[in-house]
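The figures that follow rest on heavy atoms only: side chains count, while hydrogens, waters and symmetry mates do not. Quick caveat, the model's predicted, so the values are computed rather than measured.
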Amino acid sequence: MRWSAALFAVAFALPAIAADDVPAPPRPGATAPRFSLQDQDGRWRSLDEYTGHWVVLYFYPKDGTPGCTKEVCAFRDHIDKVRAAGAQVIGVSVDDVASHAKFAKEQHVPFPLLADNEQTTARAYGVLTSKLGFHYARRDTFIIDPQGKVAKHYQDVDPEKNVGQVLADLESLKAAAAK
């Protein structure tokens with residue numbers, strides 16, 4: 001394990017505190033904060049390109065750590081089911097593009113991992129937190145509807161079970177939206 005990853009693991013074991021000036025997460029029904037971030041291939045991605053589609057936007061603390069690896073693999077392993085449910089998956093952390101490129105290659109990630117290394121998107125979604133001076137995104141997931149509104153927010157998710165929750169809720173959210 002690299003030194004920074006080991007130090008992050010120690011820091012992650014301590015209680016988290018909210019980073020300065022972090023707003024509350026957007027509530028269901030609120031317009032999802034817009035973003036423009038680079039993915040693991042250096043391509044700029046924005047929420048606007050997903051208008052008209054359901055989006056599963058999940059935030060995670062750090063590439064290559066055990067929980068984050070479990071989470072990305074859970075979404076990877078169920079990507080066909082998520083897409084069949086009519087949604088696109090996007091992962092976000094405060095790691096940089098190079099870190100995402102390495103992580104995505106190692107884990108065979110078939111969806112964008114966005115680099116929020118300036119922490120603006122994690123802050124806008126109310127998920128930026130810190131321990132021992134390390135800033136990172138809390139493990140939260142948002143389902144965003146085709147109109148760009150937050151439909152559901154999961155806070156401090158279980159990295160292996162969240163995809164199942166998302167799949168179950170996507171069906172009920174889509175049914176409610178169709179009424």
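Separating the CD atom in Glu49 from the CZ atom in Arg43 is a distance of 5.0 Å, to the nearest 0.5 Å. The CG atom of Asp158 lies 7.5 Å from the CD atom of Gln165; values are rounded to the nearest 0.5 Å. Atom-to-atom distance recorded for Ile90:CD1 and Tyr50:OH is 4.0 Å, nearest 0.5 angstrom. For the atom pair CG of Asn117 and CD of Gln38, the computed distance is 8.0 Å after rounding to the nearest 0.5 Å. Rounding to the nearest 0.5 angstrom, the gap separating the NZ atom in Lys102 from the CG atom in Asp96 is 11.5 Å. Remark: Gln155 CD to Thr141 OG1 distance equals 11.0 Å, nearest 0.5 Å.
The aromatic rings of His153 and Phe142 sit parallel, their planes meeting at an angle under 30°, below the 60° perpendicular limit. The aromatic rings of Phe75 and Phe111 stand perpendicular to each other, their planes meeting at an angle above 60°, with 30° marking the opposite boundary.
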> Can you check side-chain contact (heavy atoms from CB on, under 4.5 Å) on Val157 and Tyr58, steps first, answer last?
Replying inline: CA-CA 10 Å; Val157 303; Tyr58 82 93; over 6 Å; no
>> Quick one, Val109 with Arg76, criterion side-chain contact (heavy atoms from CB on, under 4.5 Å). Give me CA distance, side-chain angles, the key distance, then yes/no.
In response: CA-CA 6 Å; Val109 178; Arg76 177 201 65 203; 5.7 Å; no
>> Assess the residue pair Trp54 and Ile143 against the criterion (side-chain contact (heavy atoms from CB on, under 4.5 Å)); give the C-alpha distance rounded to whole Å, side-chain angles, the decisive distance to 0.1 Å, and a yes or no.
In response: CA-CA 7 Å; Trp54 289 87; Ile143 297 178; 3.7 Å; yes
> So Lys62 and Ser93, side-chain contact (heavy atoms from CB on, under 4.5 Å) or not? Walk me through it.
Replying inline: CA-CA 6 Å; Lys62 180 123 181 89; Ser93 82; over 6 Å; no
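Under the 6.0 Å cut-off for aromatic ring centres, Tyr136 and Phe134 do not qualify, their centroids lying 6.0 Å or more apart.
Listed for the Lys174 side chain is a donor-acceptor partner under 3.5 Å among the backbone atoms of Ala85. With hydrogens and angles ignored, the 3.5 Å screen pairs a side-chain donor or acceptor of Asp140 with a backbone N or O of Asp156. The main-chain N or O of Phe103 is never found under 3.5 Å from a side-chain atom of Asp63 such that the two would form a donor-acceptor pair. In this structure, Ser172 contributes its side chain and Asp169 its backbone to a donor-acceptor pair below 3.5 Å.
Side-chain atoms of Asp39 and His100 form no donor-acceptor pair, as typed in the model, at a separation below 3.5 Å. In this structure, a donor-acceptor pair under 3.5 Å is absent between the side chains of Asp48 and Ser46.
Heavy atoms of other residues, nucleotides or ligands lying less than 6.0 angstrom from CG of Asp80 number 12 at most. Counting non-hydrogen atoms of other residues, nucleotides and ligands closer than 6.0 Å to CD of Glu118 gives a total of 12 or fewer.
Inter-residue side-chain proximity for Asp145 and Leu173 is flagged as unmet; no heavy-atom pair is nearer than 4.5 Å. Residues Tyr60 and Val72 have side chains not in contact (no heavy-atom distance under 4.5 Å, counting atoms from C-beta outward).
Side-chain heavy atoms closer than 4.5 Å link hydrophobic residues (I, L, V, M, F, W, Y) into clusters, and following such links, possibly through other members, connects Val89 to Leu167. Following chains of ILVMFWY side-chain contacts shorter than 4.5 Å, one cannot reach Leu113 starting from Leu37, and the two form parts of different hydrophobic clusters. Both Leu47 and Leu57 belong to a common hydrophobic cluster when Ile, Leu, Val, Met, Phe, Trp and Tyr are linked at side-chain heavy-atom distances under 4.5 angstrom. Note on Tyr125 and Leu114: same hydrophobic cluster, where clusters join Ile, Leu, Val, Met, Phe, Trp and Tyr whose side-chain heavy atoms are under 4.5 Å apart, directly or indirectly. Under a hydrophobic clustering in which Ile, Leu, Val, Met, Phe, Trp and Tyr are joined whenever their side-chain heavy atoms come within less than 4.5 Å, directly or via other members, Val163 and Tyr154 fall into the same cluster.
Minimum heavy-atom separation, Ala124 to Pro23: O-CG, 4.2 Å. Here the closest non-hydrogen pair linking Ala74 and Pro159 is CB-O, 3.9 Å. Nearest heavy atoms, Gly126 versus Arg138: O-NH2, 3.4 Å.
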